[in-house]
Amino acid sequence: MHALRRWWHDTAGGLPATFWYLWAGLLINRAGAFAMLFLSLYLTDVRGASEGLAGTVVGAYGAGGAAGVLLGGVLADRWGRRATLLAAHLATVGLMVALAFTRPLLLIAVLSALIGVVHSMPSPAFVAAIVDVVPAERRSRAFNLQFWAFNLGMAVASLLAGVLAEASFTALFLVDAGATLTAAAVIAWKVPETLRLARPAADPPPATAAPKSIRTRRPGLHTALTDRTFLVFVGLTFVLAVLTMQTSTIMPLAMRADGLGPSAYGLVVALGGALIVVGQLFVPRLIDRHRKDVVLAASTALLALGFGALAIADELAIYLGAAVVWTVGSMLAAPPNAQINADLAPPQLRARYQSVFYLTFPAAAFVAPTLGGVSLQHLGDRHWLIVGGLGLLAALGHLLAGPPRERHVAALRRVVDREPATPADRVPTG
């Protein structure tokens, strides 16, 4: 019993109530966000669209997502986290109901792009609000639970979507809207505005004490886009995202070439999801004693080894074994990745930094299939050696970038805490 209480404390203890309401809203939102998973099938089977047109409409949803991430970051720092979350959720409800009853394909495409915008807007606000309310020493466990809720919600969504799609696509869209409305109700009822916790005090610290990235007269989105320390980290995260995207983009093609059908692919994906749902809650005790850059280097190396092993995969057992390796890598990477991103952001720009960080995922979703398909076609199994090598280089990059990044974070914390900085802590950044 004592061991169980200790595990619960290490995994979820000491987190404020506001975090748990944000967590509940995220879980409800993800569990109900299943309609767009079946958008291409809906377009081809129900609306009579060609595969090419369906792909274009789905692409419009993705493009809207990229725009929504940036818009959500700016609004969360200006309007507030709560206001942005409520606006995005309520807009999603209206657009999803409209999509359920819209027939013309052009209007469906427009609605899909707009849904892409409002689906992505909450991400920077959710994370910025978590950073606002959770003390720095407990953020690792908070982000671990956020990653767990996201994956648990997606697993539930995948199961519900298949059942509802067979019954009625209209019901699929309406239930999605209902789940989003429920998440909005939780946020409206229990989540206060947290932006005031991130506001800098009226009397600013000496400019010479601050990292150059925040020594600007009008800090804004451009601050994140010119912060070299932050952009190095974003670049390394982009590599991690490209590796992760292999699962849903290139691996199915490789498995088909090896004579393995959709059921085998589904089993590999299900194994990864099950590992995350069961094992993610044990990650904090495993990684909290180690430096974040070392954990990220190890996790990226595991991803590299897992995908690199597919160069010799020709049967399901090898794919399953490789999936275990890269899934453990993903599980270890999630908390420090989110925590470093939070540490690098000046308090008044938290959501903007989050929005730039989240751009890595739609970018990887474009790059991974575009270049990966050509690579697999012309290089065959050597494609996986290239993917593995890229991951190992990123792991080395984390080790090299870690120490200067920590000095940058220390300097930024001095600015926030209004402590005098020593010359050694004045880190030059873009």
Subject >> Sub-4.5 Å side-chain heavy-atom contact between Trp148 and Leu152 >> reply: yes
Original post:
How many angstroms lie between atom CD1 of Ile287 and atom CD of Gln339, to the nearest 0.5 angstrom?
Top reply: 8.0 Å
Original post:
Going through the checks in order, is the side-chain contact (heavy atoms from CB on, under 4.5 Å) test met by Leu225 and Leu221?
Top reply: CA-CA 7 Å; Leu225 294 172; Leu221 189 60; 4.3 Å; yes
**OP:** Using the six-membered ring wherever Trp is involved, compare the ring planes of Tyr358 and Phe361 and label them parallel, tilted or perpendicular (cut-offs 30° and 60°).
**Re:** tilted
Original post:
How close do Ala184 and Leu86 get, heavy atom to heavy atom, and via which atoms?
Top reply: O-CD2, 3.4 Å
Original post:
Going through the checks in order, is the salt bridge (charged side-chain N to carboxylate O under 4.0 Å, His left out) test met by Arg350 and Asp77?
Top reply: CA-CA 7 Å; Arg350 276 176 183 157; Asp77 280 337; over 6 Å; no
Original post:
What is the ring orientation for Phe233 with Phe357, classed by angle as parallel under 30°, tilted 30 to 60°, or perpendicular over 60°?
Top reply: parallel
**OP:** Of all the heavy-atom pairs spanning Leu240 and Ala333, show the shortest one and how long it is.
**Re:** CD1-CB, 3.8 Å
Subject >> Ser120 side chain vs Gly65 backbone, donor-acceptor pair below 3.5 Å >> reply: yes
Subject >> Main-chain N/O of Glu193 paired with Arg81 side-chain donor or acceptor, under 3.5 Å >> reply: no
**OP:** Could you check if a side-chain atom of Leu71 sits within less than 4.5 angstrom of a side-chain atom of Val117, using non-hydrogen atoms only?
**Re:** yes
Original post:
Under the side-chain hydrogen bond (donor to acceptor under 3.5 Å, both in side chains) rule, what pairs show up with a residue in residues 359-369, not counting sequence neighbours?
Top reply: none
Subject >> Gap separating the CG atom of Asp343 from the NZ atom of Lys292, nearest 0.5 angstrom >> reply: 5.0 Å
**OP:** Sorted by first residue and then second, give each side-chain hydrogen bond (donor to acceptor under 3.5 Å, both in side chains) pair with at least one member in residues 99-116; sequence neighbours left out.
**Re:** none
Original post:
Do the non-hydrogen side-chain atoms of Pro16 and Val134 ever get within less than 4.5 Å of each other?
Top reply: yes
Subject >> Distance (rounded to the nearest 0.5 Å) between Leu310 CG and Leu305 CG >> reply: 11.5 Å
**OP:** Answer yes or no: is there a side-chain heavy-atom contact under 4.5 Å between Arg138 and Leu15?
**Re:** yes
Return a table of donor-acceptor pairs under 3.5 angstrom between the side chains of residues 323-330 and protein atoms on other chains or two or more places apart.
unit_1, atom_1, unit_2, atom_2, d
Thr327, OG1, Ala323, O, 2.6
Ser330, OG, Trp326, O, 3.2

Original post:
Val131 versus Phe143: any side-chain heavy-atom pair under 4.5 Å?
Top reply: yes
**OP:** Please identify each residue that fulfils ring pair (Phe, Tyr, Trp, His ring centres under 6.0 Å) with Phe230, with sequence neighbours left out.
**Re:** Tyr353
Original post:
Which heavy-atom pair separates Phe307 from Trp384 by the least distance, and what is that distance?
Top reply: O-CB, 3.4 Å
Subject >> All ring pair (Phe, Tyr, Trp, His ring centres under 6.0 Å) counterparts of Tyr21, not counting sequence neighbours >> reply: none
Original post:
Ser140: what forms a side-chain hydrogen bond (donor to acceptor under 3.5 Å, both in side chains) with it, not counting sequence neighbours?
Top reply: Asp288
Original post:
To the nearest 0.5 Å, what is the distance between CZ (Phe238) and CG (Leu243)?
Top reply: 10.5 Å
Original post:
Would you say the side chain of Phe147 lies within less than 4.5 Å of the side chain of Ile276, judging by non-hydrogen atoms?
Top reply: yes
Original post:
Could you walk me through whether Arg228 and Leu231 pass the side-chain contact (heavy atoms from CB on, under 4.5 Å) check?
Top reply: CA-CA 5 Å; Arg228 284 192 302 232; Leu231 291 180; 5.6 Å; no
Original post:
Where is the tightest heavy-atom contact between Val239 and Ala394, given as atom of each residue plus distance?
Top reply: CG1-CB, 3.6 Å
Subject >> From Leu181 atom CG to Ile28 atom CD1, the distance as rounded to the nearest 0.5 Å >> reply: 11.0 Å
**OP:** Determine the minimum heavy-atom distance between Ala142 and Ile130, stating which atoms define it.
**Re:** CB-CG2, 4.1 Å
Subject >> Gln354 side chain to Asn341 side chain, donor-acceptor N/O pair below 3.5 angstrom >> reply: yes
Subject >> Main-chain N/O of Ala297 paired to Thr300 side chain as donor or acceptor, under 3.5 Å >> reply: no
**OP:** Mind checking side-chain hydrogen bond (donor to acceptor under 3.5 Å, both in side chains) for Arg291 and listing every partner two or more places apart, or none if nothing turns up?
**Re:** Asp293
Subject >> Gln246 vs Met251 side-chain heavy atoms within contact, under 4.5 Å >> reply: no
Subject >> Pairs where residues 316-325 contributes a residue and the test side-chain hydrogen bond (donor to acceptor under 3.5 Å, both in side chains) is met, not counting sequence neighbours >> reply: Asp258-Tyr319
**OP:** Could you tell me which non-hydrogen atom of Ala395 sits nearest to which non-hydrogen atom of Ala301, and how far apart they are?
**Re:** CB-N, 4.0 Å
Original post:
Hey, mind stepping through Ile115 and Tyr61 against side-chain contact (heavy atoms from CB on, under 4.5 Å) and telling me if it holds?
Top reply: CA-CA 7 Å; Ile115 290 172; Tyr61 171 78; 3.9 Å; yes
Original post:
Should Val283 and Leu332 count as side-chain neighbours, where that means a heavy-atom distance under 4.5 Å?
Top reply: yes
Subject >> Partner residues of Phe126 under the ring pair (Phe, Tyr, Trp, His ring centres under 6.0 Å) criterion, sequence neighbours left out >> reply: none
Subject >> side-chain hydrogen bond (donor to acceptor under 3.5 Å, both in side chains) partners for Ser375, two or more places apart >> reply: His383
**OP:** Spell out, as yes or no, whether a donor-acceptor pair under 3.5 Å connects the side chain of Glu315 to the backbone of Ala317.
**Re:** no
Subject >> N/O donor-acceptor pair under 3.5 Å between Asn144 side chain and Gln280 backbone >> reply: yes
Subject >> CG-CG distance between Leu145 and Leu27, expressed to the nearest 0.5 angstrom >> reply: 11.0 Å
Subject >> Residue pair Leu316, Val268: steps toward the side-chain contact (heavy atoms from CB on, under 4.5 Å) verdict >> reply: CA-CA 8 Å; Leu316 180 58; Val268 173; 3.9 Å; yes
Original post:
Tell me the side-chain hydrogen bond (donor to acceptor under 3.5 Å, both in side chains) pairs involving residues 84-95, sequence neighbours left out?
Top reply: Asn29-His89
Subject >> With Arg47 via salt bridge (Lys or Arg N to Asp or Glu O under 4.0 Å) - residues at least two apart >> reply: none
